Protein chains: 2
Amino acid sequence: MKTIEIEEDLYLYIASQTKHIGESASDILRRLLEVDGQELQQAQAENVVVSNEEANVEQELVVEAVNTDSLAQTDVADIDPLNYFNFSEISEAGSSTKRFLSLLSGLYAIDGERFAKACVLKGSKREYFSQDKDLLLASGKTSKPQAIPNSPYWVITNTNTARKRHILQHVASEMGLQEFQIERLCEAV
Amino acid sequence: MKTIEIEEDLYLYIASQTKHIGESASDILRRLLEVDGQELQQAQAENVVVSNEEANVEQELVVEAVNTDSLAQTDVADIDPLNYFNFSEISEAGSSTKRFLSLLSGLYAIDGERFAKACVLKGSKREYFSQDKDLLLASGKTSKPQAIPNSPYWVITNTNTARKRHILQHVASEMGLQEFQIERLCEAV
DNA sequence: GAGCGGATCGAGGGGATGCTTC
DNA sequence: ACGAAGCATCCCCTCGATCCGC
């Protein structure tokens, strides 16, 4: 647990978003920040009631969404994300762990913020990513965390190659890369 | 200034959203939550895309809004109980057991008291619900009780999916949900 | 905590299926 | 005897981290 200081009005706002008693600040913030971006469609069409407040908030969120994707468009759709990877150099690295780290480094280079949202990923016990080496260390016995080059992040490293691919594939997919691009990355591990 | 406690990974996530040095937690959260009110209205009408995320947050806000101003008039019965469930999040859970637990958690959130009355349910030998894990353990060989999140209750978990649906359907029905709502919940298991 | 990489095996959880009971 | 309802065995799959090879 970490402690942060926030201004009173913000505090009250967050408290007002409590959905059920016993909910922790973390729970509420996680919900509000919705740090995952995923599929979209599905039958959510049934929403009918619309209050003033919602209308506003909804607009805000739309703005958010649009911003986010327009970033995505300029940064990623126009520029081929694969350009961020020097595959021949990567393939020369002596181990899959090294290649894994380089590839993650490339993903971070594409967009640090999208990476931050995408690397929220854990196993049944271990934390996989963190900016804090010790946090990873604390979540498992011998996870062998290593720093991702040119980024503030660390990853777990003590996994078989298949799992390294899964991790990579998850992050890339969460960041919105195309299927064939993800495939290319996973092959390169 | 107020102090709140949050989980480490969330802390790191928030920190990672820093835009410029010297930015306070409040600044970052305000930006992420978009709560400074203000502008926004304007011709946003043309927005078409609606992500799950928004839809969900919108639903949560509906609950909030209605609760707040309905203190006077109706109460929970009139609000769509389905608003208590974040279906997209639930559907992402990896197992039907997880989904089952989330769904029960939602039912509890709707009304702890009605839940308490509704969860009086047992099999021929096993106790299904209890606030006491050991009581469940004692009533069967390997019932695998698990805690229902954000509630004081435990449920039996070692059942096939069909039975999970039956249990859910029974509780929801006992709590007075409508047929179509119950159906929606059972499908989500 | 310091050698590093990572395949291999073991632990643990999920839940369908088959057995038991009424 | 037959069927329905319910229990929990047992298989499968996921994930962790030990341990061997370099």
Side-chain angles (χ1 to χ4, degrees), chain A residues 90-105 119-130 132-149 154-171 173 185-189, chain B residues 9 90-105 119-130 133-149 154-171 173 185-189:
Chain A
I90 288 170
S91 71
E92 276 160 33
S95 67
S96 71
T97 297
K98 297 271 174 50
R99 291 188 291 273
F100 178 57
L101 291 170
S102 299
L103 291 163
L104 287 171
S105 177
C119 75
V120 183
L121 169 63
K122 37 161 62 189
S124 55
K125 311 176 128 191
R126 292 143 129 193
E127 213 63 47
Y128 285 176
F129 289 89
S130 169
D132 178 0
K133 179 184 178 181
D134 294 320
L135 189 142
L136 299 184
L137 246 10
S139 76
K141 271 295 178 39
T142 50
S143 56
K144 303 188 187 174
Q146 298 202 34
I148 300 175
W154 292 73
V155 220
I156 245 66
T157 260
N158 184 201
T159 72
N160 56 34
T161 305
R163 182 158 306 282
K164 289 190 183 78
R165 294 210 176 92
H166 289 148
I167 294 172
L168 196 67
Q169 112 85 245
H170 178 99
V171 176
S173 151
L185 297 184
C186 288
E187 279 167 12
V189 173
Chain B
D9 61 324
I90 289 171
S91 71
E92 274 161 37
S95 67
S96 72
T97 296
K98 296 269 174 51
R99 291 187 292 273
F100 178 58
L101 291 169
S102 300
L103 261 355
L104 287 171
S105 176
C119 75
V120 183
L121 169 63
K122 38 161 59 188
S124 54
K125 310 175 130 189
R126 293 143 127 192
E127 213 63 46
Y128 285 175
F129 289 90
S130 168
K133 179 184 179 180
D134 294 322
L135 190 144
L136 299 184
L137 245 11
S139 75
K141 271 295 177 42
T142 50
S143 55
K144 302 189 188 174
Q146 297 202 36
I148 301 175
W154 292 72
V155 221
I156 245 66
T157 260
N158 184 201
T159 72
N160 57 31
T161 305
R163 181 157 307 280
K164 290 190 183 79
R165 293 209 177 92
H166 290 147
I167 294 173
L168 195 67
Q169 114 80 248
H170 178 97
V171 176
S173 151
L185 297 185
C186 288
E187 278 167 13
V189 173

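Every value quoted in this text rests on a predicted model; they were computed, and no experiment measured them. Quick note on labels: first sequence line is chain A, next is B, and so on, each numbered from 1.
Across A/Ile90 and A/Ser102, no two heavy atoms sit closer than the pair CG1-CB, 3.9 Å. Contact detail for A/Leu136 and A/Ser143: the closest heavy-atom pair is O-OG, 3.6 Å. The two residues A/Leu101 and A/Pro149 make their nearest non-hydrogen contact at O-CD, 3.8 Å. Contact between B/Lys164 and B/Val189 at its shortest, heavy atoms only, is CB-CG1, 4.2 Å. Taking each heavy atom of B/Glu127 and B/Ile156 in turn, the nearest pair found is O-CD1, 3.0 Å. Listed here is the closest heavy atom pair of A/His170 and A/Val120: NE2-O, 4.3 Å.
Distances shown here put every side-chain N or O of B/Thr97 at or beyond 4.0 Å from the OP1 or OP2 atom of C/dG13. An OP1 or OP2 oxygen of C/dG14 is reached within less than 4.0 angstrom by a side-chain nitrogen or oxygen of B/Gln146. At the phosphate of C/dG15, OP1 or OP2 sits under 4.0 Å from a side-chain N or O atom of B/Ser96. For A/Thr142, no side-chain nitrogen or oxygen approaches OP1 or OP2 of C/dG1 to under 4.0 Å.
Distance check: A/Arg99 CZ to A/Leu168 CG gives 12.0 Å after rounding to the nearest 0.5 Å. Note that the CZ atom of B/Phe100 and the OG atom of B/Ser105 stand 12.0 Å from one another [nearest 0.5 Å].
On the C1' atoms, C/dG1 is 15 Å away from D/dA17, given to the nearest whole Å.
Taking atom NZ of residue A/Lys164 and atom C1' of nucleotide D/dC15, one finds them 14 Å apart after rounding to whole Å. Distance B/Leu121 CG to D/dA5 P: 15 Å, rounded to the nearest Å. For the pair A/Gln169 CD and D/dT14 P, the interatomic distance rounds to 13 Å; values are reported in whole Å. Between A/His170 atom NE2 and D/dT14 atom C1' there is a gap of 15 Å when expressed in whole angstrom units. Per the geometry, CZ belonging to B/Arg165 stands 16 Å off P belonging to D/dG6, to the nearest Å. Following rounding to the nearest Å, B/Glu127 (CD) and D/dC7 (C1') show an atom-to-atom distance of 14 Å.
If you check residues 155-163 of chain B against DNA chain C, the residues with a heavy atom closer than 4.0 Å are B/Asn158, B/Thr159, B/Asn160, B/Thr161, listed by number.
Across all strands, A/Lys122 comes closer than 4.0 Å to no nucleic acid atom at all (heavy-atom distances). Within 4.0 Å of B/Phe100, counting heavy atoms only, lies no atom of the nucleic acid at all.
Below the 3.5 angstrom threshold, one finds no donor paired with an acceptor across the side chain of A/Lys144 and the base of C/dG3.
Across D/dG16, C/dG1, C/dG6, the shortest atom-to-atom separation from the side chain of A/Lys133 is found for C/dG1. For A/Lys141, the side-chain atoms get nearest to D/dA17 when compared with the rest of C/dG5, D/dA17, C/dG1. Closest to the A/Tyr128 side chain, of the nucleotides C/dG6, D/dA8, D/dG16, is D/dG16.
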Would you tabulate the pairs of protein nitrogen or oxygen atoms and nucleotide nitrogen or oxygen atoms of nucleotides 20-22 of chain C closer than 3.5 angstrom?
none

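A donor-acceptor pair under 3.5 Å links the side-chain atoms of B/Asn160 to the main chain of B/Arg163, judged by distance alone.
Between B/His166 and A/His166, the residue anchored nearer the 5' end of DNA chain D, judged by the nucleotide with its closest heavy atom, is B/His166.
Checking A/Leu137, A/Thr157, A/Thr97 one by one against A/Lys144, the side chain to side chain contact (heavy atoms under 4.5 Å, CB included) holds for a single residue, A/Thr157.
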